[in-house]
Amino acid sequence: MQKYNPYIISLLFVLSFLLLAFTLHYHAGSAINTQQIDSTEIAATVEMTNTMKFNPDTVIIKNGQTVQWKNSSLLAHSVTGDPSQATIKGSATLPKGADSFDSGMMDPDQTYQHTFSLPGTYQYFCIPHEGAKMYGWIIVEELSKNNHTSKIIIK
Amino acid sequence: MNKIKNTFIPGIMTSLLIILGIIGWAQPAQAQGNPDEAQKMKMLQEMAPYKGYLKAHMNIPPQELLGGPLEVEITQKSGGVFVILPSKRKLDPYVFGTPQVPRALAGTPGINGLPPGVRGINNGQYTEMEKPSPFGDKNIVMGNGKLDIKAVDATATDAGKTNDEIKFMASWQDKQGNTYEVRCCGMLAAHGVEYPTFGGVVTNTVMHGSSRIGTALMPTMYTYFAFWGMGEIRKNGDVLDKPRLVHGMLTEYVRKKDYELAFDDEVTPTRKHFHLMVPPMRPEMKEQKFVHEDVKTGFKLPNGMELPFWHVMFENLEIDADRR
């Protein structure tokens, strides 16, 4: 009968244990990510006002999160992150490769949501009030393992 | 479209002098018994700049627009409006010059010129008009704004008659649910004596500011469409005031951040909005002039006074225009 080297067997046990531990840790991390970035959950709400402001004007979210806009004013507004619809240079700027977004005209009390899937800074505007400089900004941060559920809103 | 009969509104632009009633310039001078100022005003009215031009045009048939009549439709179906409140207009050096080299003195003061006496000065520059006017920055937002315009620009020049047409309706609501409405035009201003009205409806021209067509207190602005006519003021369906001069225009965007009224170099040429103006003057048809009289708007200001004019901005517009 063939004899096995006990040192080799011990080493194999240790390696197997390490492999198992790594695998469990990796999958556990993925599960946490999946649980905590739910694109259907609204990470922040921005209101549109009678004074032609997005309030807050700047929102910081994590990649994959969703922002909701609510027209809380008596005026019709739009949420337009589409450079092709801007008539003033720089009214809408997107990270390279990001999809444009546009709510169309929103009557009072209407809402609009958009999920951001690429990190970077997005500048958007309101079409009828572009001349009045009604601008807003969304800063989408990379997902990090240690702080992937945080959200910061700057007023 | 509502066909408007050819109509002559006498002296309509001379009577815009009455706007001085708002800015409080002419009346104090007269009240103080200053015959020189009063006499100057009378002479200026009699010497209205377009009277000579009108002499050549009063007896001609309406001249056709180059390229033929242009039909215009403008609507706002939803969203609010900006109602402009009396406030002091900052004075644009491009339009008004400086105290050393003043501009916008031509024509009749208060119409398309502004008297030096009501111009504030600081550090050798004009600052703001010293009296409130309908052409400042203050405003409130009211809801449920609706606008419906169907117009035809057919007549090119001022004349005794016009083939221009317009049907105009605008309304909006305050917080209490009261509905304010302006309808126009039973008559069109076929001509003006201070500046032309192009038969009552005009398209594709420059107005206000340095143009001398309309008050210099508004910025110089490209005007896609404008009209002058006589209409009526309603509140909750009841007619409060008629006939009133009604002026509307679709222009490039002349407001900036916080809705402050732009100077000429701050206009946004790539966006549009619609202005409705009902100034505080009433026509005296027999005398072919207007007299100062606040508009019965039915809307109370926070100080309890009734807003004496309507200056309302519509910005959620659908616009269509075609040659007939």
Side-chain angles (χ1 to χ4, degrees), chain A residues 46-58 68-94 100-112 123-137 154-155, chain B residues 74-85 137-147 171-180 219 221-222 250-275 312-319:
Chain A
V46 178
E47 297 199 338
M48 292 173 276
T49 71
N50 277 340
T51 54
M52 291 171 294
K53 302 274 193 303
F54 292 105
N55 185 24
D57 64 3
T58 304
Q68 173 174 277
W69 286 264
K70 182 179 181 185
N71 185 356
S72 305
S73 78
L74 297 170
L75 302 163
H77 290 299
S78 80
V79 176
T80 306
D82 181 356
S84 72
Q85 297 195 61
T87 66
I88 299 172
K89 189 178 180 182
S91 290
T93 56
L94 309 177
S100 62
F101 55 97
D102 178 29
S103 65
M105 291 306 298
M106 294 170 62
D107 284 337
D109 296 324
Q110 285 191 334
T111 60
Y112 167 72
Q123 180 176 326
Y124 62 96
F125 69 104
C126 168
I127 286 178
H129 304 123
E130 185 184 16
K133 307 291 185 284
M134 185 171 172
Y135 296 149
W137 293 267
I154 301 170
K155 282 199 173 183
Chain B
I74 304 170
T75 56
Q76 174 168 315
K77 293 174 181 169
S78 62
V81 297
F82 295 91
V83 175
I84 309 301
L85 303 178
D137 300 336
K138 287 186 182 176
N139 68 87
I140 54 170
V141 171
M142 290 198 205
N144 205 18
K146 291 187 168 50
L147 180 68
S171 66
W172 54 95
Q173 288 183 327
D174 65 14
K175 284 182 186 172
Q176 290 72 39
N178 295 303
T179 300
Y180 303 91
M221 63 186 97
Y222 189 80
L250 175 72
T251 73
E252 54 193 333
Y253 203 88
V254 298
R255 296 276 169 175
K256 53 183 185 173
K257 194 171 185 299
D258 298 324
Y259 218 62
E260 289 184 4
L261 192 55
F263 283 179
D264 280 8
D265 61 351
E266 299 168 323
V267 166
T268 300
T270 51
R271 294 288 177 197
K272 301 178 182 72
H273 52 181
F274 183 85
H275 314 239
V312 185
M313 302 299 301
F314 296 78
E315 305 198 341
N316 184 24
L317 302 174
E318 295 175 21
I319 303 161

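Residue numbers begin at 1 in each chain, while the letters A, B, ... track the order of the sequences. As the structure is a computational prediction, the values presented were derived from the model and not from experiment.
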Student: Can you tell me which portion of V267(B) sits under 4.5 Å from chain A's heavy atoms? Options are side chain, backbone, both or neither.
Tutor: neither
Student: Apply side-chain contact (heavy atoms from CB on, under 4.5 Å) to T268(B) and E130(A), showing your working.
Tutor: CA-CA 9 Å; T268(B) 300; E130(A) 185 184 16; 5.9 Å; no
Student: Counting only non-hydrogen atoms closer than 4.5 Å, can you tell me which residues of residues 72-81 of chain A sit against chain B?
Tutor: L74(A), L75(A), A76(A)
Student: Please output the residues of residues 255-263 of chain B in contact with chain A, using a heavy-atom cutoff of under 4.5 Å, in numerical order.
Tutor: R255(B), K256(B), K257(B), D258(B), Y259(B)
Student: For the residue pair G79(B) and P108(A), what are the closest heavy atoms and their distance?
Tutor: CA-CD, 4.5 Å
Student: Under 4.5 Å from any heavy atom of chain B, what part of N50(A) do you find: side chain, backbone, both or neither?
Tutor: both
Student: Just how far is it from atom CD of E315(B) to atom SG of C126(A), taken to the nearest 0.5 Å?
Tutor: 9.0 Å
Student: Output the distance between atom NZ (K77(B)) and atom CG (D107(A)), rounded to the nearest 0.5 Å.
Tutor: 11.5 Å
